[in-house]
Amino acid sequence: MALFIRTIFALVMLIVLGGAAAVFWNMENRLQAISYNEFLTALEKNEITEVRLRDGQLSLKDTFGREFVTYSPAIPSLLPKLLEKGVIIYGSSDKSARLLSFAQLLIPVMLILLVWYSLLRNQPPGDGELDDKDKLKRFSPQEKHQQVTFRNVAGVPEAKEELLEVIDFLQRPKKYSKLGAVIPRGILFQGPPGTGKTLLARAIAGEAGVPFFSISGSDFVEMFVGVGAARVRDLFKEAKKQTPCIVFIDEIDAVGGRRSSGNIAGGQDERGQTLNALLVEMDGFSSEETIIILAATNRPDILDPALLRPGRFDRQINILPPDIKGRLQILQVYGQKMKLAEDMDLEKVARSTPGFTGAELASLMNEAALIAGRMGDSAIRPEHFEIAKDRILMGVERKGLVISEKDRKTMAYHEAGHAVLAKFLPETDPIHKITIIPRGRALGHTQQLPLADRHAYPKEYLLSRIKILMGGRVAEEICLNQQTTGAEDDFRQAIELATKMVCQWGMSENIGPMSYMKDDGAFLGEQLSRTVYSEETGQSVDREVKRLVESCYREARKILTAEKDFLIYLADMLLVNETLDQEEMEIIYECTSKKRKEGSAAKSPGDGMACAVSSTG
Ligand code: ADP
């Protein structure tokens, strides 16, 4: 219906616009104009054969068939002359004036049509009226090439376990309904982006062999009120035709956010209506209709409580980035399809990628394969992974960036400062790589990799982390007697960590075991922390954070002063090699200790050259 009206409207507009264009085209005189004198001369010479009179304007045709136009000051006095010369005379009403008045009439009509059309668009469309169903993706069980099963999803054993039950509901709904059980309607997947929520939803459909309908929450939200709600009704109408089936709504927070938390009046209204439509549909299934609605979000905290009520999304499954075992399984899933070299140890890759999500691991594998291809290798080797990982973690090497020798030296001391502290402080993650090759936004980088996935961080670890962050600035001060802007990001991170220690994790003696902030849950994106302390407490918090960071700075300075020879030596080797790994750093340390014992520790850059470290940069 809406499509029909829209087509009619488009046709009317086309005719109206065409008419208006014709009017203006006609109004423009396209004939060549000649002077009245020239016309009289031609008339005298009997060259004029035809004249068309129109409101002071004369359209002429001469004996050569040419056409002209001229303007006569007095047509009535001209007429006898024209008759005398035997010129054919045509009269004509003022057509252009008529057309002009027609155009004047058209403009208001066009305006009325426009207003009518915009009103029509604001009307909530009826069911089935939406012609933009392309936003809804459908996968039927017959589409084998598109099918995903549990074999494609790795690293989320608990979620899989829980979802086995859902597959059974879909395959044998009668088994449950006979007993009077109501099959759960909605399951909410919550977790950071890229952890495989969509993949898991598709795998359930694949395992159960049922159709899968997928739409994103943001596709429901439109500018015009009622469109989203109609889209929800359409979606369920489609789904009901093919039960049992799965409906997957990605980014459900786009429609399911708390109704009071909107900021744009119109948008809020539209979202509210869409959410209501969704709730109505979820409540409205009959027990014979086995439709399981899976939804995904990375902002469970902002969802409207109505969505989470029993009978709606009452089952929630957390999907978090995989642990080392999970990472290995995901790498193996992708590794099966790739040509890996014999010496490729995926476990090592899994160990060195803490915090990577499934999507990041998939991209790491692909990036490594691309690099191997670009280098002309026949199989993917560990070094390809190393380059791919650096690229993902730190950005692409900025080869074209010209860095002065002075800046390189600053960077080398800065990074060496971080690295020396990471080596000597307790409870730190081992160093993986130190580099002064600029990548992404950073000029240099000291990369530490945890041996195991950590879930709880001890205070000692956090303090060491702040001290390591201070190391860059301290090293520059001790060895180069300078302060540079390079420490900005280190300070920002250190203060963030110290603030959390004081306010959130109750790790400050002066403030006590208090948690003043709500957890911002890292993966929830937006900072949700709400400070609920008094101004006085706020001031003590500030003082405490400052005290903590300053004491870490002093400690860092003490260690680096004591290890100055090692620091200089390391920075020196970094200038030569550009990149050093843990093993090379150990060799440099052993050399320094040996020299110390011999009483001739390297005191200035250049002395350390005696110790051979292979170049990796
Ligand atoms: P989300 O919906 O959580 O944002 P996706 O399911 O869209 O994440 O994941 C994006 C891609 O990352 C998938 O298509 C898949 O290639 C890969 N991926 C993510 N998690 C996993 C996993 N657990 N196992 C295998 N591949 C995964």
Side-chain angles (χ1 to χ4, degrees), residues 135-137 139 143 145-164 166-167 186-207 212-220 246-256 292-303 313 315-338 340 346-347 349-350 353-370 385 388-389 392 453 521-526:
K135 298 208 163 156
L136 175 67
K137 290 193 206 85
F139 301 97
E143 293 170 73
H145 62 286
Q146 301 232 16
Q147 228 172 64
V148 177
T149 62
F150 271 176
R151 261 186 302 139
N152 303 94
V153 196
V156 279
E158 299 88 4
K160 274 189 184 173
E161 181 84 36
E162 221 169 321
L163 292 167
L164 282 177
V166 176
I167 296 168
I187 297 168
L188 182 70
F189 293 153
Q190 42 194 34
T195 40
K197 298 183 290 295
T198 312
L199 197 69
L200 206 52
R202 283 193 59 190
I204 300 168
E207 287 286 333
F212 178 75
F213 295 88
S214 149
I215 194 162
S216 169
S218 55
D219 290 337
F220 287 127
I246 284 183
V247 171
F248 177 65
I249 307 174
D250 204 1
E251 300 171 42
I252 192 156
D253 40 281
V255 272
I292 293 193
I293 308 158
L294 304 174
T297 181
N298 48 5
R299 301 289 315 269
D301 53 307
I302 63 157
L303 288 185
F313 291 103
R315 287 190 182 208
Q316 284 137 33
I317 298 182
N318 276 328
I319 302 179
L320 295 172
D323 58 9
I324 182 161
K325 231 168 95 195
R327 290 198 297 274
L328 178 60
Q329 284 164 0
I330 295 175
L331 290 170
Q332 280 163 344
V333 165
Y334 289 95
Q336 278 167 7
K337 297 175 219 152
M338 293 178 170
L340 301 176
L346 287 180
E347 199 176 327
V349 179
T353 44
F356 271 49
T357 61
E360 281 166 335
L361 290 170
S363 134
L364 173 72
M365 293 291 279
N366 193 48
E367 190 71 38
L370 289 176
F385 269 94
K389 197 170 68 196
I392 289 174
D453 293 67
F523 72 81
L524 302 178
E526 202 179 292

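Here, residue 1 is the first one in the sequence, and each next residue gets the next number. Just so you know, ligand 1 is whichever comes first in the structure, and atom 1 is the first atom listed for that ligand.
Looking at K197, its side chain does come within 3.5 Å of a backbone N or O of G191 through a donor-acceptor pair. The closest donor-acceptor contact from the side chain of K160 to the backbone of V153 lies under 3.5 Å. In this structure, E360 contributes its side chain and G194 its backbone to no donor-acceptor pair below 3.5 Å. For the pair R327 (side chain) and P322 (backbone), a donor-acceptor distance under 3.5 Å is present.
Ligand 1 lies nowhere less than 4.0 angstrom from a heavy atom belonging to T357. A heavy-atom separation below 4.0 Å is found between A154 and ligand 1. Residue Y334 places a heavy atom under 4.0 Å from ligand 1. Contact annotation: G155 has no heavy atom less than 4.0 Å from any atom of ligand 1.
Annotation for ligand 1: atoms under 4.0 Å from non-hydrogen atoms of P193 are 4 (O). Distances below 4.0 Å separate heavy atoms of I330 from the following atoms of ligand 1: 22 (C), 23 (N), 24 (N). Under a 4.0 Å criterion applied to the non-hydrogen atoms of N152, ligand 1 contributes the atoms 24 (N), 25 (C).
Looking from atom 10 (C) of ligand 1 to the surrounding protein, the closest heavy atom is A359 CB, 4.0 Å. Among all protein heavy atoms, the one lying closest to atom 6 (O) of ligand 1 is L199 N, 3.0 Å.
Considering all non-hydrogen atoms of both residues, S218 and A254 come closest at N-CB, 3.6 Å. Considering every non-hydrogen atom in both T353 and K389, the closest pair reads CG2-CD, 3.8 Å.
Distances between N or O atoms of V156 and those of ligand 1 include no value under 3.5 Å. Annotation: T198 places an N or O atom under 3.5 Å from an N or O atom of ligand 1; distance criterion only. Considering both main-chain and side-chain atoms, G196 comes within under 3.5 Å of ligand 1 through a nitrogen or oxygen pair. Below 3.5 Å of separation, one finds no N or O of V153 facing any N or O of ligand 1.
When the heavy-atom distances from atom 18 (N) of ligand 1 to S363, G191, G358 are ranked, the shortest goes to G358. Closest heavy-atom approach to atom 1 (P) of ligand 1 within the set G194, A203, P321: this belongs to G194.
T198 pairs by the side-chain contact (heavy atoms from CB on, under 4.5 Å) definition with F248, D250, not counting sequence neighbours. Judged as a salt bridge (Lys or Arg N to Asp or Glu O under 4.0 Å), and not counting sequence neighbours, the contacts of E367 are R391.
Contacts between L200 and ligand 1 below 4.0 angstrom, taking non-hydrogen atoms only, are absent altogether.
Here the side chains of L303 and L188 are in contact, with some heavy-atom distance below 4.5 Å.
I252 contributes atom CD1, which lies 10.0 Å from atom OG of S216 (distance to the nearest 0.5 angstrom).
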